Amino acid sequence: MPAHVLILGGTTEARRLATALAARPGLRVTTSLAGRVRRPAAIDGEVRVGGFGGAAGLADWLRAHRVTALVDATHPFAERITANAAEAARVAGVPHAVLRRPGWDLDDDWQPVASLEEAAQAVPRLGQRVFLSTGRLGLAAFAELTAHHFVVRSVEAPEPPLPSHCEVILARGPFSLADELDLLRTHRIDALVTKDSGGAATAPKLAAARSLSLPVVVVRRPELPSGVGALPDEEAVLGWLAGVIPPGGACAADTCP
Ligand code: NAP
């Protein structure tokens with residue numbers, strides 16, 4: 001029976017891992033998406049869409065689909081699915097790894113905060129025109145800041161309620177340093193609010209803010225579930241999988257569900 005890897009996706013790293021694994025003969029690879037994005041980028045291998053129904057539902061899915069290894073390659077801020085994945089893997093007895101791109105190196109004078117709500121509290125001290133680069137969800141935290149002008153950039157339209165003075169730019173990274181400098185200057189941005197998502201595709205906005213000496217507020221990423229470690233990139237996950245799935249793809253007798 002071919003080994004079966006389930007990747008919890010929604011990130012560039014998950015897509016790249018699916019491509020690397022789908023090329024292997026005799027290995028079944030499925031990527032799971034939450035279904036938040038209407039037109040997701042193409043993914044190699046099988047794709048399933050939608051929630052599992054909590055940790056118990058995911059554990060059932062692992063058993064029913066004879067999953068040999070579970071890779072949680074979700075976004076660093078997707079806290080609930082990461083907790084569910086750890087619990088489901090434990091309950092179903094399936095080897096589990098977390099692929100988490102490292103966070104960014106933050107400057108000493110940038111302000112780390114615990115949540116979008118805390119970031120909104122910091123805004124009045126920063127300036128009038130704010131580049132809000134925190135994704136399309138959770139912008140309600142800034143909705144009461146009626147005296148400020150926000151520029152929001154996201155791949156798909158942000159979810160209301162939005163701040164009353166809000167300009168939306170729909171765009172998908174990667175963005176170059178020149179793009180980001182242009183955006184900050186064109187929109188006369190005074191401050192940047194972002195999440196510590198990490199990754200190269202959106203890092204140039206930080207370099208641009210640094211070079212213009214703009215204040216930066218960074219929402220810290222949530223902790224991983226206790227006892228769960230992270231692998232930093234696809235290579236590390238492929239190395240881990242090599243210990244779980246023998247060459248040729250068929251699952252080892254002791255890991256075969
Ligand atoms: P979340 O709060 O951790 O998860 C909420 C629920 O959505 C989960 O309990 C699960 O439902 C379902 N879910 C999440 N990821 C799933 C997946 N890959 N496959 C199947 N079901 C999934 O997640 P989120 O922050 O809303 O993020 C949703 C997705 O968007 C993730 O796949 C993540 O990688 C991607 N994403 C998130 C962010 C971000 O900033 N949070 C940014 C970029 C991409 P059930 O309990 O019913 O299983």
Side-chain angles (χ1 to χ4, degrees), residues 4-18 29-41 43 45-65 67 69-92 94 96-101 103-104 113-117 119 132-142 152-159 170-175 193-203 205 218-225 228 230-231 234 237:
H4 185 190
V5 178
L6 175 64
I7 303 170
L8 300 175
T11 58
T12 306
E13 290 82 357
R15 244 185 359 258
R16 286 199 300 241
L17 183 64
V29 54
T30 304
T31 297
S32 174
L33 300 176
R36 304 272 192 280
V37 176
R38 258 176 284 133
R39 273 169 290 149
I43 297 171
E46 298 173 39
V47 176
R48 70 161 297 284
V49 180
F52 295 95
L58 177 52
D60 289 345
W61 202 97
L62 295 174
R63 291 191 201 97
H65 295 83
V67 171
L70 172 63
V71 180
D72 172 2
T74 56
H75 190 271
F77 281 82
E79 194 172 2
R80 190 134 42 99
I81 188 70
T82 289
N84 290 350
E87 173 65 5
R90 189 187 65 74
V91 168
V94 171
H96 159 245
V98 178
L99 167 53
R100 246 340 149 265
R101 61 178 92 129
W104 288 313
V113 293
S115 63
L116 289 173
E117 289 68 26
L132 202 48
S133 167
T134 53
R136 67 187 191 90
L137 302 178
L139 300 183
F142 301 87
V152 170
R153 182 174 66 196
S154 54
V155 175
E156 292 191 348
E159 203 165 273
L170 296 181
R172 192 193 286 268
F175 304 102
V193 176
T194 190
K195 295 198 289 196
D196 184 14
S197 299
T202 51
K205 67 188 166 197
V218 185
V219 182
R220 281 190 298 261
R221 44 175 70 185
E223 302 279 333
L224 286 170
V228 173
L231 300 171
E234 300 91 87
V237 173

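Nothing here was measured: the structure is a model prediction, and the numbers come from that model. When a ligand or atom number is given, it counts from 1 through the structure's own listing order.
Between Leu116 and Leu137, the shortest heavy-atom contact is CD1-O, 4.0 Å. The shortest non-hydrogen separation linking Trp104 to Lys205 is CH2-CE, 3.9 Å. Scanning both residues, Ala59 and Ala88, for their nearest heavy atoms gives N-CB, 3.6 Å. Contact record, Thr194 with Ser133: OG1-O, 3.2 Å, taken as the closest heavy-atom pair. Contact detail for Arg101 and Gly199: the closest heavy-atom pair is CD-N, 3.5 Å.
Contacts with ligand 1 closer than 4.0 Å are made by backbone heavy atoms (N, CA, C, O) of Glu79 only, the side chain lying farther away. If you look at Leu33 next to ligand 1, the close heavy atoms, those under 4.0 Å, all belong to the backbone.
For ligand 1 and Phe77, the ligand atoms under 4.0 Å from any heavy atom of the residue are 25 (O), 40 (O), 41 (N). Of all the atoms in ligand 1, the ones that sit under 4.0 Å from a non-hydrogen atom of Asn84 are 9 (O), 46 (O). Within ligand 1, the atoms closer than 4.0 Å to a non-hydrogen atom of Gly9 are 18 (N), 31 (C), 32 (O), 33 (C), 34 (O), numbered from 1 in the order shown. Listed by atom number, the atoms of ligand 1 under 4.0 Å from Gly53 heavy atoms are 45 (P), 47 (O), 48 (O). Within ligand 1, the atoms closer than 4.0 Å to a non-hydrogen atom of Gly54 are 45 (P), 46 (O), 47 (O), 48 (O), numbered from 1 in the order shown.
Among all non-hydrogen protein atoms, the one lying nearest atom 48 (O) of ligand 1 is Phe52 N, 2.7 Å. The shortest contact between atom 22 (C) of ligand 1 and any protein heavy atom is with Ala34 CB, 3.6 Å. With hydrogens left out, the protein atom closest to atom 10 (C) of ligand 1 is Ile81 CD1, 3.9 Å, a heavy atom. In terms of protein heavy-atom proximity, atom 18 (N) of ligand 1 is closest to Ser32 O, 3.0 Å. Ranking protein heavy atoms by distance to atom 25 (O) of ligand 1, first place goes to Ala78 CA, 3.5 Å. Annotation: atom 2 (O) of ligand 1 to nearest protein heavy atom, Arg80 CB, 3.9 Å. Looking from atom 11 (O) of ligand 1 to the surrounding protein, the closest heavy atom is Gly51 CA, 3.7 Å. The nearest heavy-atom contact from the protein to atom 37 (C) of ligand 1 is His75 CB, 3.4 Å.
A 4.5 Å side-chain heavy-atom check between Phe52 and Asn84 finds every atom pair outside the cut-off.
Not one N or O on the side chain of Arg136 forms a donor-acceptor pair closer than 3.5 Å with the backbone of Val155. At distances below 3.5 Å, at least one donor-acceptor pair connects side-chain atoms of Arg221 with backbone N or O atoms of Ser197. A distance-only check finds a donor-acceptor pair linking the side chain of Thr11 to the backbone of Ala73 [under 3.5 Å].
Of the candidates Arg36, Arg136, Arg48, Arg36 brings a heavy atom nearest to atom 26 (O) of ligand 1.
A heavy-atom separation below 4.0 Å is not found between Gly57 and ligand 1. Residue contacts with ligand 1 do not include Leu58, since none of its heavy atoms lies under 4.0 Å from the ligand. Heavy-atom distances between Gly50 and ligand 1 reach below 4.0 Å in at least one pair.
Ring-plane geometry between Trp61 and His65 is classed as parallel, the angle between the planes falling under 30 degrees on a 0 to 90 degree scale with a further cut at 60.
Distance screen at 4.0 Å: atom 30 (O) of ligand 1 has no protein heavy-atom neighbour inside the cut-off.
Remark: the Arg100 side chain and the Thr82 side chain contain an N/O donor-acceptor pair separated by less than 3.5 Å.
Any N or O atom pair closer than 3.5 Å counts here, and Leu137 shares no such pair with ligand 1.
For Arg80, the CZ atom counts as loosely surrounded, since its 6.0 Å shell holds 12 or fewer non-hydrogen atoms of other residues, nucleotides or ligands.
For Ala86, the side-chain contact (heavy atoms from CB on, under 4.5 Å) partners are His96, Pro225, Val228, not counting sequence neighbours.
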